[in-house]
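All chains are named by letter (A, B, ...) in the order of the sequence lines, taking the proteins before the strands, and each is independently numbered beginning at 1.
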Number of protein chains: 2
Amino acid sequence: MTGIKDVAREVEMSTATVSRALRGLPGVSDETRSRVMETARRLGYVPSPSAAGLASGQTRTVAVIVPWVTRWFFAAVVQGAEEVLRERGYDLLLYNLAGDESARHRVFETSLLTKRVDAVLVLSLKPSLDELARLQKLGRPVTIVGADVPGWATVRIDDEQAARCAVRHLAGLGHRRIAYVGGATEGVLDFTAPAARLAGFRSALAEAGLPHDPTLEADGEFSVAGGSRAAQALLDREDRPTAIFAASDEMAIGVLRTARELGVGVPEDLSVIGIDDHEMAEIFDLTTVAQPVHEQGRVAAQQVLTALEGEHWVPEQVVLPTRLVVRRTTAPPAGSAGR
Amino acid sequence: MTGIKDVAREVEMSTATVSRALRGLPGVSDETRSRVMETARRLGYVPSPSAAGLASGQTRTVAVIVPWVTRWFFAAVVQGAEEVLRERGYDLLLYNLAGDESARHRVFETSLLTKRVDAVLVLSLKPSLDELARLQKLGRPVTIVGADVPGWATVRIDDEQAARCAVRHLAGLGHRRIAYVGGATEGVLDFTAPAARLAGFRSALAEAGLPHDPTLEADGEFSVAGGSRAAQALLDREDRPTAIFAASDEMAIGVLRTARELGVGVPEDLSVIGIDDHEMAEIFDLTTVAQPVHEQGRVAAQQVLTALEGEHWVPEQVVLPTRLVVRRTTAPPAGSAGR
DNA sequence: TTGAAAGCGCTAACAG
DNA sequence: CTGTTAGCGCTTTCAA
């Protein structure tokens with residue numbers, strides 16, 4: 001294994017100079033630098049991250065904590081983050097909770113991360129006060145993606161507004177009985193999006209002068225299967241809603257499936273709208289409120305890198321825009337004027 | 001930052017004993033060990049992976065090289081691998097190529113991995129000879145998931161047989177014009193599955209005494225959109241096939257979409273079968289040949305860990321079973337006797 | 001612009 | 001069962 005010493009010996013210089021040359025630090029003559037680089041390459045020198053980390057206190061590694069890697073949304077955020085990290089020479093350490101509460105504790109509690117990473121990205125989870133305290137103690141940049149945590153650096157969309165946008169679209173089409181399929185507003189993994197989207201739903205209803213009927217709010221567990229089950233109950237009743245707003249595309253897809261099984265025509269008998277613009281949304285012709293998923297990962301990674309490289313940083317709250325994408329699962333309700 | 005020295009001072013022992021006690025090595029009295037553990041906990045001691053790595057030469061980190069994290073298949077494999085790695089105290093370093101050939105080169109060429117990880121998992125890619133040589137030179141356990149690379153440790157399914165199974169199902173239903181939607185058998189990222197599945201398709205055709213018609217073989221790029229496009233051409237022709245075998249569920253889903261758009265009834269006018277048992281397969285009622293995705297990740301991780309912990313290891317080729325899952329996109333062709 | 005030297009925090013012989 | 005002693009391979013003052 002050739003090390004920095006071998007390179008130093010070869011160019012007849014100190015390891016200090018070689019180290020500086022290799023890392024692009026100033027104070028090295030151009031000639032020396034190019035000789036060092038060339039020699040390092042020729043000798044097949046590969047630096048040891050452990051040694052560099054030990055000596056410098058920097059691991060050039062960022063931890064990404066993900067509730068479930070298998071969900072498209074999180075995978076896409078990870079992909080975005082990975083791109084910019086890799087570009088800047090950082091490695092990405094993946095911590096997948098797989099929806100498991102105990103895994104979550106392990107990650108936050110035993111300070112697994114303490115001497116391991118330079119920064120942390122937390123996806124969608126709203127850390128508890130205790131967890132926030134631990135993150136704080138890390139003394140490293142932390143950015144939270146997809147959750148609203150005041151006082152912390154976050155990258156997200158305005159969930160409440162996204163929900164309002166969806167409901168306004170339905171109300172604008174003439175729907176007056178609009179149901180909501182969402183997820184627990186508090187629970188195992190603590191996300192902030194479910195509550196915000198529910199709030200958006202309710203406020204848009206009020207804004208449109210529509211009554212609030214709690215029986216039209218169902219839990220779809222933010223999954224296809226859950227959305228499907230929720231729709232079952234909603235579509236089974238006499239006074240069936242004419243439109244369903246699902247707080248995620250996956251749940252909306254579940255709704256579509258149930259509608260199909262029940263012979264409820266979409267969009268003739270039922271309009272369906274989601275949030276996300278999931279990769280499968282187009283296949284289902286699903287109308288949705290698109291959010292820039294990949295971009296959230298990129299911005300979050302950029303944010304921690306800036307913090308890492310700058311002197312002092314102020315936790316910034318970045319809110320990315322959403323956009324209504326009208327496809328073919330929404331239409332005016334049957335019996336409406338039509339127009 | 002409290003280090004091992006602080007713990008040693010506190011228990012009035014050498015750092016060597018503390019290190020042994022903390023790592024569960026033999027040769028430490030029970031009493032000492034518990035005192036050390038307790039003290040370490042009380043002092044909030046967290047070991048430094050960099051220091052341990054430098055001293056021991058082990059990073060307790062495994063690299064996972066993924067063509068695209070956003071594809072469900074790969075994400076699921078990663079999830080499986082992460083589970084067992086985490087369980088055994090290993091970290092997972094993610095290298096996402098995002099389908100980018102240059103990213104691939106970077107990962108394999110500059111020996112990014114050399115002093116960084118203890119083992120490597122490569123998903124689905126068939127490394128080139130050159131890349132294999134580099135991997136070999138790492139001198140670390142490497143397992144390849146989802147590709148057939150003779151002489152290397154692999155975990156995969158029998159792709160050829162899976163394809164045959166799918167085609168036999170169609171032929172058994174009475175189909176005689178069966179089309180294939182697959183992917184390039186050689187190309188940017190070099191997978192072995194496409195060629196194997198195509199071979200399985202052809203051999204099953206021969207086995208059933210059906211003619212081989214190259215115009216019934218289309219490229220679906222292993223994506224929904226590609227499958228959709230491929231189906232367009234296939235379903236547009238006069239002598240339209242009565243069944244389509246897609247080499248992945250995502251392509252099959254694309255086929256279903258095109259069929260719906262073209263008003264081709266499934267399964268009355270067209271049977272469709274895929275491979276994978278993708279999470280969305282059930283929603284589409286897609287008949288498919290299921291493969292144990294998550295399990296492949298687990299087994300692969302176990303394999304490298306065994307290699308890491310045992311003395312010498314023989315690269316093993318694990319082939320996991322597949323299983324036909326009949327749903328509602330396949331049926332006897334129209335005009336057949338019916339049963 | 002370069003070099004000498006002192007660690008970074010732990011592990012691993014080797015002794016005892 | 002425990003301690004002593006060298007490092008692991010870099011980075012980083014401080015001097016020159």
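Judged as a ring-ring contact (aromatic ring centres under 6.0 Å, His included), and not counting sequence neighbours, the contacts of A:W72 are A:H278. Contacts of B:R35 classified as side-chain hydrogen bond (donor to acceptor under 3.5 Å, both in side chains), with partners at least two apart in sequence or in another chain: none. For A:R134, the salt bridge (Lys or Arg N to Asp or Glu O under 4.0 Å) partners at least two apart in sequence or on another chain are A:D130. By the side-chain hydrogen bond (donor to acceptor under 3.5 Å, both in side chains) test, A:T32 pairs with A:S29, sequence neighbours left out. Here A:R88 pairs with A:Y90, A:L305, A:E309 under the side chain to side chain contact (heavy atoms under 4.5 Å, CB included) rule; sequence neighbours left out. Scored by the salt bridge (Lys or Arg N to Asp or Glu O under 4.0 Å) test, B:R60 finds no partners at all (sequence neighbours excluded). Annotation: side-chain hydrogen bond (donor to acceptor under 3.5 Å, both in side chains) contacts of A:T192 (sequence neighbours excluded): none.
Here A:T17 reaches the OP1 or OP2 of C:dG3: one of its side-chain N or O atoms lies under 4.0 Å away. The shortest distance between the side-chain N/O atoms of B:R23 and the OP1/OP2 oxygens of C:dT11 is below 4.0 Å.
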Name every donor-acceptor pair, under 3.5 Å, that has one atom in a side chain of residues 74-83 of chain B and the other anywhere in the protein, sequence neighbours excluded.
from: B:Q79; atom 1: OE1; to: A:N96; atom 2: ND2; distance (Å): 3.0
from: B:E82; atom 1: OE2; to: A:N96; atom 2: N; distance (Å): 2.9
from: B:E82; atom 1: OE2; to: B:R86; atom 2: NE; distance (Å): 3.2
from: B:E82; atom 1: OE2; to: B:R86; atom 2: NH2; distance (Å): 2.9
from: B:E83; atom 1: OE1; to: B:H294; atom 2: NE2; distance (Å): 3.3
from: B:E83; atom 1: OE1; to: B:R298; atom 2: NH1; distance (Å): 2.4
from: B:E83; atom 1: OE2; to: B:H294; atom 2: NE2; distance (Å): 2.6

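Both B:S19 and A:P26 lie close to DNA chain C; mapped to their nearest nucleotides by heavy-atom distance, the more 5′-ward contact belongs to A:P26. Map A:Q58 and B:S14 each onto its nearest nucleotide of DNA chain D; the residue landing nearer the 5' end is B:S14.
Against DNA chain C, the stretch residues 27-41 of chain B makes no heavy-atom approach under 4.0 Å.
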Protein-nucleic acid N or O pairs under 3.5 Å, nucleotides 6-9 of chain C:
from: C:dC8; atom 1: O2; to: A:A55; atom 2: N; distance (Å): 3.3
from: C:dG9; atom 1: N2; to: B:A51; atom 2: O; distance (Å): 3.3

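Under the 3.5 Å distance criterion, with hydrogens and angles disregarded, no donor-acceptor pair is assigned to the side chains of B:E10 and B:T39. Side-chain contact of B:R116 with A:T61: a donor-acceptor pair under 3.5 Å is present, judged by distance alone. Inspection of the A:Q303 and A:T143 side chains reveals an N or O donor paired with an N or O acceptor under 3.5 Å.
Taking atom CG of B:L25 as the reference point, atom P of C:dT11 lies 9 Å away to the nearest angstrom. Rounded to an integer number of Å, the gap from A:M13 CE to C:dT1 C1' is 8 Å.
Note that the CG atom of B:L121 and the CG atom of B:L93 stand 12.0 Å from one another [nearest 0.5 Å].
First and last contacting nucleotides of DNA chain D toward chain B (any atom under 4.0 angstrom from a heavy atom, 5' to 3' order): D:dC1 to D:dC10.
Listed by first residue number, the stems of DNA chain C with at least three Watson-Crick or G-U pairs below 3.5 Å are C:1-16 with D:1-16.
A salt bridge is absent between A:D30 and A:R33: the closest approach of a Lys/Arg side-chain nitrogen to an acidic carboxylate oxygen does not fall below 4.0 angstrom.
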